[in-house]
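Below is one structure, written out as C-alpha cells, with a few remarks after it.
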Amino acid sequence: MAGVSTLPVLLAKRVQEMVLDEDDPAAPYLSRIDDPTRHVSPPLAQIPTIDLSLYSSPTSGSEEEKQELEKLRSALGSWGCFQAISHGIPTSFLNEVREVTREFFELPMEEKKKYAKTVEEFEGYGADPVPEDGQSLDWQDRLFLDVYPEDGIKLKFWPENPKSFRQVLKDFTSKIKKVTEQVSRAMARSLDLDENCFLDQFGPRGTLQARFNYYSRCKTPDLILGLKPHSDGTGFTIILQGTEVEGLQVLKDDQWQTVPPSSDALLVLMGDQMEIMSNGVFKSPVHRVLTSSEKERISIVVFYSPEPQKEIGPEEGLINEEMPRLFKKVADYANIHWGYYQQGKRALHAAKV
Ligand SMILES: O=C(O)CCC(=O)C(=O)O
Ligand SMILES: [Fe+2]
C-alpha cells in the first residue's frame, strides 16, 4: 500500500522555481541513476522526411505520390514517426507559436500560476497529475490545454498574457487539425484502405490537446530526465520542437537516437491507438527527453485522440490469415494508458487479444 506521498508537495514547486532558488533536486527527480545510457552520446536519428503536399489532390495517383505513400508506410512501420514538411503551416507562424510559448514561460511565477492546475487535474499550468508513490519526476514545467472540440475549452486556463497567446493558439489548432486530417487520410491510403477509415474511428469530435513544454537548464543532465521514457496514449501526436536545442530521443532497435530539431518540420509520432487501429503495422515508439546544462528547451505538442467513449480497434481490412487480429476493440484507451504511465509502464498489452 502506498504511504503518504510527498510528491504533491514536491510538485507544488515548479522546476523553474527550483532552478531560480538553486535547489538541489529531490530524489524523485534523479531518475537516471540506473540508466546505462547516461554517459553514452547518442547518434542523430535519420528519421524519414515526408512531403505532405504530395498527398493532396493535384498529384493524386501519380508515381511520385505512390512512392511517398510507400515511404510513409515504411517509416511508420519502423520508426513510428516521420518529419512532415510542406504541411501547409508557414514557418513564420510556427515561430510565432514558439515565441508566445517562450514569452509565457518567461513570465513571473505569480503570473503563470494564475493558470495553475491542482495536483489532481490534467489541464492548466504545472506538472503531471499526482503520481504514484515511487514514480520519478520530470525536469519540466508545462501548460496543458484542451483545444478541440471547442465546446470543451476551459478559457480559465488559457493565458491572457502574452496578449496574442489565445488567438495564436486558436489559429494553430485549426491549422493542426487540417494536418491531422491530411495525415489520417495518407496513412489509410498507404495501407490500401478507404482514406476516411481512421478519421471515422477518431470520430468528428476526436480530441486535440496542446501541451506546451518548458525544460529548464539542469546542472546534472546525466542524472535527470526532462521527460521519462513513454509511448503516447494518443492516436498520434504532432510535435513542434524549438529550432536549435536537442533533447527528444526515440528508441529504435533498443538504441536511443536524438531527433534533430528543425525550423519548419513537424514531427508526427504514432501513439498506441494508431498501433491498435493499424493492427500493429504502425509502431508507437518509446521516446524520452534529455535535459541540458547549457540551454533550456521548449516544445509544443498536440495530442490527437479518438473521441473518449468511442470504441476503436484494428481495421478489418488489415486482418487476414497472414496477419491475424492482434488487438481487441477498446474504448477510453487514454485512461488505461494513464494508469500504466504513472507506474512507468507501457499499456499496449492491455489491448492485446
Ligand atoms: O518535448 C518533446 O519534444 C516531446 C514531449 C512528449 O513526448 C510529450 O509531451 O508526450
Ligand atoms: Fe510523448
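Atoms within a ligand are numbered from 1 in the order they appear, just like the ligands themselves. All figures in this text were calculated on a predicted structure; none of them were measured in a lab.
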Under 4.0 Å from one or more heavy atoms of Ser299, ligand 1 contributes atoms 1 (O), 2 (C), 3 (O)
Under 4.0 Å between heavy atoms, the region of His287 that gets near ligand 1 turns out to be side chain
Checking heavy atoms under 4.0 Å, the part of Asp232 that sits near ligand 1 is side chain
With heavy atoms and a 4.0 Å threshold, my read on which part of Leu227 contacts ligand 1 is side chain
Under 4.0 Å from one or more heavy atoms of Val289, ligand 1 contributes atoms 1 (O), 2 (C), 4 (C)
>> Taking the basic N atoms (NZ, or NE/NH1/NH2) and the acidic carboxylate oxygens, is any pair closer than 4.0 Å for Asp23 and Lys13?
In response: yes
ring-ring contact (aromatic ring centres under 6.0 Å, His included) with Phe165: of Phe105, Phe212, Phe157, Trp158, only one passes, and it is Phe212
Report task. Would you check whether Tyr215 has a nitrogen or oxygen atom less than 3.5 angstrom from a nitrogen or oxygen atom of ligand 1? Result -> yes
>> Under a 4.0 Å threshold between the charged nitrogen and the carboxylate oxygen, would Arg297 count as salt-bridged to Glu244?
In response: no
Ranked by distance from atom 3 (O) of ligand 1, the top protein heavy atom is Arg297 NH2, 2.8 Å
Taking only non-hydrogen atoms of Asn213 and a 4.0 Å limit, the atoms of ligand 1 in range are 1 (O), 5 (C), 9 (O)
request  = Could you tell me how the ring of Phe236 sits relative to the ring of Tyr304: parallel (under 30°), tilted (30 to 60°) or perpendicular (over 60°)?
outcome  = perpendicular
min-distance N/O/S atom, Asp232 vs the Fe ion (ligand 2), resolves to OD1
To the Fe ion (ligand 2), the closest N, O or S atom belonging to His230 is NE2
Which of Arg142, Lys117, Lys154, Arg211 passes salt bridge (Lys or Arg N to Asp or Glu O under 4.0 Å) with Glu123? Answer is Lys154
| query | Are any of the side-chain nitrogens in Lys114 or Glu110 under 4.0 Å away from the carboxylate oxygens of its partner? | reply | no
Does CG in Asp151 sit with more than 12 non-hydrogen atoms of other residues, nucleotides or ligands closer than 6.0 Å? yes
Below 4.0 Å from ligand 1: does a non-hydrogen atom of His230 turn up there or not?
yes
Within 4.0 Å of some non-hydrogen atom of Arg211, the atoms of ligand 1 are 9 (O)
Should we say atom CG of Asn320 is surrounded by more than 12 heavy atoms from elsewhere, each under 6.0 Å from it?
yes
